[in-house]
Amino acid sequence: MLESIYLREHREEAEQRLTKRNIDAKALLDTARDLDDVRRNTQQDLDARLAELNLLSRTIGDLMKSGKKDEAESARATTIELKGRTATLKDQLDAAEKALQDHLCTIPNAPHSKVPAGRTPEENVTVMQEGAIPELGPDAKPHWELGEDYGILHMDLGVKVTGAGFPVYSGQGAKLQRALIAFFLDKAIEAGYREYIPPHMVNAESAFATGQLPDKEGQMYHATVDGLYLIPTAEVPITNLYRNDLLEASALPIKMVGYTPCFRREAGSYGAHVRGLNRVHQFDKVEIVRIEKPENSYAVLEEMVEHVKGLLRTLELPFRQLLLCGGDMGFSSAMTYDMEVWSAAQQRWLEVSSISNFETFQSNRLKLRVKGDDKKNRLAHTLNGSALALARIVAALMENNQTPEGIRIPKALQPYTGFAMIQK
RNA sequence: GGAGAGGUGGCAGAGCGGUCGAAUGCGGCGGUCUUGAAAACCGCUUUACUCGCAAGGGUAACGGGGGUUCGAAUCCCUCCCUCUCCGCCA
């Protein structure tokens, strides 16, 4: 959620930035301004009345003590009128605050100036591409066929146990998952991240704070009896570790990493492009999260990208880096890079990481601040990125590394898997 | 799930209807003293919103929400959480 004070003091800039999302920024911001004006006027009015009331109450106390009962009684009568007025104003203020809040919730984050304008994924900018595209023979198979052939991935068993989109891994396939998770975690820890194992369910406050509610309500599994949501990403519980915190500047940077399964309903997306592991309801992911001073956040974003590139290089996967255009960016992000790996049998790029700077969009909802040098406390910047999402990495590894002898495991991963080849 | 106790500032811990944003101690910051440090002493030490160029002012906050009252950290209701005991259980 954007700060109303930012919208008030940097109206022009906000409008320019927001326009990149192909939305009617002017109308949204005009409404925000009007609602904010109402809120402030109401508050000023209320505060003034309350000040009067406080003064009167103190006077009554004094009068009572000095035994001037009559004067106290008449003062009391006055307060009753005032009280009615303040009650009305309080209701109005609550309504005004809610109206402003509800409206601000509908405004997406303002894209950074470097974000290209654009409407569709076609307008994303390819920043770089690296790694040799493997040439597979004509009998190359997509990962879901390989998974069956080798007996390591069973989409049908998932259907039996749960439903479509819940993969079951077994044998070397299961070990490969575990190896990747351990590998990604170790690399992040090496890079200075502290590992967390967070809850896999969160309450509504947490889901709101990182931006999943109300924007993506339908995308989360909801345990309605207890009012909890299955996490769609570790970003939610890990970022919320710092909800309602006021940090010393010296506490930053905060670098966290966590592995969790991720649950996504993915309502409405079916078809050829979602076969196998391409899009599933449950997948494993290692997520890195940063809490930073505003002036550092964009340098940190690049640093996180470099970390992910390092992982992809080590896994010997061809990859490319995309800078998302305004129209394709997530609701909460100010700037997002997507990392995609080439899946050789499907002949397509698969998104395996999304790295974003949220600036103060999340921290405003989180109420996550940093103490300033002067008296001013500022909202921190939050960032996060997948490092990495497993299911599609597994898909690409299987497809790209298929050989007549079996599926080759990248060298760096072999100490984790304990084998160099997946075989029948 | 049942019974009981409790939730106050960074921490510990008073307050139990009026001048309490809140005693006191610890911690932290600044100062005096000292060659330096410690000790001692003095002062300061929450946050949000809002008005103001600023200095500074106003309002709110004692787990969350609601109520009683001219006035609530203090009384009442409700929800949440923590602790103890019992039950259940990986």
Side-chain angles (χ1 to χ4, degrees), chain A residues 1-9 32-105 197-209 213 223-229 237 240-252 254 261 360 362-380:
Chain A
M1 192 163 66
L2 293 167
E3 292 175 274
S4 55
I5 189 159
Y6 169 74
L7 299 181
R8 205 189 307 159
E9 293 179 356
R33 184 199 53 214
D34 293 346
L35 290 170
D36 191 38
D37 284 347
V38 171
R39 184 196 117 251
R40 283 155 67 210
N41 290 333
T42 312
Q43 171 151 25
Q44 283 170 43
D45 204 355
L46 208 217
D47 285 356
R49 305 291 164 166
L50 287 173
E52 283 181 58
L53 209 47
N54 286 341
L55 184 64
L56 262 174
S57 290
R58 259 172 268 141
T59 311
I60 291 172
D62 292 343
L63 289 172
M64 301 281 253
K65 262 183 215 157
S66 49
K68 297 175 182 161
K69 280 267 166 53
D70 293 351
E71 288 179 50
E73 276 310 317
S74 70
R76 185 180 294 183
T78 319
T79 63
I80 289 171
E81 285 169 49
L82 251 179
K83 261 186 83 178
R85 180 84 185 111
T86 58
T88 311
L89 278 169
K90 180 70 167 68
D91 289 346
Q92 286 173 1
L93 180 61
D94 289 347
E97 279 176 346
K98 184 168 190 312
L100 176 62
Q101 169 96 350
D102 287 353
H103 178 66
L104 289 178
C105 278
I197 299 180
H200 297 171
M201 299 181 105
V202 294
N203 56 31
E205 291 77 53
S206 293
F208 171 79
L213 290 179
T224 51
V225 174
D226 297 292
L228 300 175
Y229 294 86
N240 270 283
L241 260 17
Y242 282 90
R243 177 148 47 87
N244 285 330
D245 274 8
L246 208 201
L247 301 169
E248 296 292 338
S250 61
L252 300 181
I254 289 168
T360 61
Q362 290 183 328
S363 58
N364 189 27
R365 293 188 181 196
L366 287 156
K367 306 218 182 313
L368 167 52
R369 293 105 70 222
V370 195
K371 285 195 180 176
D373 304 328
D374 49 5
K375 279 182 133 185
K376 294 252 163 66
N377 298 325
R378 304 179 292 168
L379 291 172

Inset, instruction - Measure from CG on A:Asn244 to P on B:C80 and round the result to the nearest Å. - result: 19 Å
Inset, instruction - Whole angstrom is fine here: how far is it from CD in A:Gln44 over to P in B:A48? - result: 19 Å
Legend entry - A:Glu205 CD - B:G63 C1' separation (whole Å): 13 Å
Legend entry - Partner nucleotide of B:A72 by Watson-Crick or wobble geometry (both distances under 3.5 Å): none
Inset, instruction - Grab the CG-P distance between A:Leu100 and B:U50 for me, whole Å please. - result: 10 Å
Inset, instruction - For A:Arg40, report the nucleic acid contact type (base, sugar-phosphate, nothing); a contact means any heavy atom under 4.0 Å. - result: sugar-phosphate
Inset, instruction - Answer with base, sugar-phosphate or nothing: what part of the nucleic acid does A:Leu246 contact at a heavy-atom distance below 4.0 Å? - result: sugar-phosphate
Legend entry - Per A:Ile80 side chain, nearest of listed nucleotides B:C49, B:U59, B:C70: B:C70
Legend entry - Rounded distance in Å - CG (A:Asp91) to C1' (B:G66): 13 Å
Legend entry - Atom-to-atom span, CZ of A:Arg58 to C1' of B:C20 - whole angstrom: 12 Å
Legend entry - Where A:Arg49 and A:Leu89 come nearest, the two heavy atoms and their spacing: CG-CD1, 3.6 Å
Inset, instruction - Choose from B:G58, B:U69, B:U47 the nucleotide whose nearest atom is closest to any side-chain atom of A:Gln43. - result: B:G58
Legend entry - Separation between the P atoms of B:G6 and B:C75, rounded to whole Å: 11 Å
Inset, instruction - Using the C1' atoms only, state how far B:G7 lies from B:A73, rounded to an integer number of Å. - result: 12 Å
Inset, instruction - Using modelled atom types only, decide if a donor and an acceptor are shared between the side chain of A:Asn240 and the backbone of A:Ser206 within a distance under 3.5 Å. - result: yes
Legend entry - salt_bridge(A:Arg39, A:Asp36) N-O dist < 4.0 Å: yes
Legend entry - Sugar-phosphate, base or nothing in reach of A:Ser57, heavy atoms under 4.0 Å: base
Inset, instruction - Output the distance between atom CG (A:Asn41) and atom CG (A:Leu93), rounded to the nearest 0.5 Å. - result: 11.0 Å
Inset, instruction - Figure out the NZ/C1' separation between A:Lys98 and B:G65, and round it to whole Å. - result: 16 Å
Inset, instruction - Report which part of the nucleic acid A:Ile60 touches: base, sugar-phosphate, or nothing (heavy-atom distance under 4.0 Å, all strands). - result: base
Legend entry - Nearest-angstrom distance from the residue atom NZ of A:Lys90 to C1' of B:U59: 11 Å
Inset, instruction - Name the closest nucleotide to the A:Arg76 side chain, picking from B:C70, B:A60, B:U50. - result: B:C70
Legend entry - A:Arg85 side chain reached by A:Asp45 side chain, heavy atoms, under 4.5 Å: yes
Inset, instruction - Describe the nucleic acid contact of A:Arg8 in one word from base, sugar-phosphate, nothing, applying a heavy-atom distance below 4.0 Å. - result: sugar-phosphate
Legend entry - Given B:G71, B:C49, B:A60, the nucleotide with the shortest approach to the side chain of A:Asn54: B:A60
Inset, instruction - Establish, with yes or no, whether the OP1 or OP2 oxygen of B:A48 is under 4.0 angstrom from a side-chain nitrogen or oxygen of A:Arg369. - result: yes
